[in-house]
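Have a look at the structure below before the remarks.
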Amino acid sequence: MLADAVRRAYGERAGEYAEALGSVSAMAQEDQRLICVWAREIGSPTIDAGCGPGHWTKLLYDHGVAVEGIDMVSEFIVGASVRFPEVPFRVATLEALPVDDGALAAILSWYSIIHTPPHDVPAVLNEFARCIRPNGSLLLGFFDGEQVEAFDHAVVTAYYWPTSAMHHELIAAGFDIVQTHTRSDPGQRSHAAIIASRRN
Ligand SMILES: C[S@@+](CC[C@H](N)C(=O)[O-])C[C@H]1O[C@@H](n2cnc3c(N)ncnc32)[C@H](O)[C@@H]1O
């Protein structure tokens with residue numbers, strides 16, 4: 001099963017991933033700024049969905065957000081709980097978040113849907129919409145591309161999404177688009193971030 005392949009691939013490399021990419025200071029300054037500004041606006045409770053090593057979860061926590069990090073890879077959850085013992089983390093999937101309908105002020109999904117097969121992305125966005133209260137916020141980070149297309153990500157197959165196609169999926173799931181950011185650094189994949197608001 002595909003989810004099992006993603007879980008296994010990250011499980012085997014969770015320590016290496018956390019070492020290389022598990023600190024906010026190693027992240028692009030634009031991303032740090034975007035997430036910090038967003039963190040000041042969103043309120044609580046919030047979930048970092050697909051938190052990986054948990055560094056962004058900790059950043060939200062440090063901004064006073066009541067946040068929980070969830071990830072389907074138990075190795076990440078164990079590691080994040082050791083590094084950031086004050087922050088709650090648990091094993092869960094994007095497809096079935098452990099929260100009641102409309103219970104969340106916001107969800108951070110930072111590069112966590114990049115491995116989701118494109119035909120399954122609507123179900124994940126619908127799940128986010130189920131959990132976020134009206135006017136609540138979703139911040140989605142992903143790889144920007146000219147078409148929805150698979151590529152060989154260092155860990156396991158991932159997908160590029162054009163921002164226009166992601167807008168379409170978000171609107172269909174019950175969100176309004178608030179902000180769209182794209183960034184292209186020479187020799188690197190292009191990045192996209194969308195802030196969307198749960199429609200009333
Ligand atoms: C590229 S990493 C990003 C991790 C973290 N958000 C960051 O910015 O470093 C993708 C993460 O999403 C998680 N993930 C992917 N699909 C998932 C799913 N269906 N349910 C829960 N977690 C998932 C992976 O385990 C991994 O931790």
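Counting starts at 1 for both ligands and their atoms, following the listed order.
Contacts between Ala3 and ligand 1 below 4.0 angstrom, taking non-hydrogen atoms only, are absent altogether. Proximity of Ala49 to ligand 1, defined as any heavy-atom pair under 4.0 Å, is not found for any part of the residue. At a heavy-atom cutoff of 4.0 Å, ligand 1 is contacted by no atom of Asp48, backbone or side chain. At a heavy-atom distance under 4.0 Å, only side-chain atoms of Tyr10, from C-beta outward, approach ligand 1.
A distance-only check finds a donor-acceptor pair linking the side chain of Arg83 to the backbone of Gly22 [under 3.5 Å]. Not one N or O on the side chain of Arg183 forms a donor-acceptor pair closer than 3.5 Å with the backbone of Ala193. Within the 3.5 Å criterion, the main-chain N or O of Gly174 finds a donor-acceptor partner in the side chain of Arg198. Using a distance-only test at 3.5 Å, with no hydrogens or angles considered, no donor-acceptor pair links the side chain of His153 to the main chain of His115. The backbone N or O of Ala123 lies less than 3.5 Å from no partner atom in the side chain of Glu95, so there is not a single donor-acceptor pair.
If you check which protein heavy atom lies closest to atom 18 (C) of ligand 1, you get Leu94 CG, 3.4 Å. For atom 10 (C) of ligand 1, the closest heavy atom belonging to the protein is Tyr111 O, 3.4 Å. Of the protein's non-hydrogen atoms, Trp110 CD1, 3.2 Å is the one closest to atom 8 (O) of ligand 1. Ranking the protein heavy atoms by distance from atom 19 (N) of ligand 1 puts Glu95 OE1, 3.0 Å first. Closest to atom 3 (C) of ligand 1 among all protein heavy atoms lies Tyr17 OH, 3.4 Å. Protein heavy atom at the shortest distance from atom 13 (C) of ligand 1 is Asp71 OD2, 3.4 Å.
Of all atoms in ligand 1, listed by their number and element, those nearer than 4.0 Å to a heavy atom of Ile114 are 1 (C). If you number the atoms of ligand 1 from 1 as listed, the ones under 4.0 Å from a heavy atom of Trp56 come out as 8 (O). Near Ala92, the atoms of ligand 1 lying under 4.0 angstrom from a non-hydrogen atom of the residue are 21 (C). Which parts of ligand 1 touch Thr93 is read off a 4.0 Å heavy-atom cut-off, strictly below it: atoms 20 (N), 21 (C).
Ring geometry for Phe76 versus Tyr10: interplanar angle of 30 to 60°, hence tilted.
Between atom 4 (C) of ligand 1 and the options Ser112, Gly141, Gly50, the minimum heavy-atom separation is to Gly50. Which of His55, Met27, Met72, Arg7 comes nearest to atom 22 (N) of ligand 1 through a heavy atom is settled by distance: it is Met72.
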Practice task
Under the side chain to side chain contact (heavy atoms under 4.5 Å, CB included) rule, what do Ile171 and Arg199 come out as? Steps first, then yes or no, please.
Solution key: CA-CA 9 Å; Ile171 290 164; Arg199 206 173 298 133; 3.5 Å; yes
Exercise for the section: Kindly determine whether Phe89 and Asp48 satisfy side chain to side chain contact (heavy atoms under 4.5 Å, CB included), including the steps that lead there. Expected result: CA-CA 9 Å; Phe89 292 97; Asp48 181 2; 5.9 Å; no
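Under a 4.0 Å N-O distance rule, the pair Asp62/Lys58 qualifies as a salt bridge.
Among Val148, Leu94, Ile113, the one residue that satisfies the side-chain contact (heavy atoms from CB on, under 4.5 Å) test with Val121 is Ile113.
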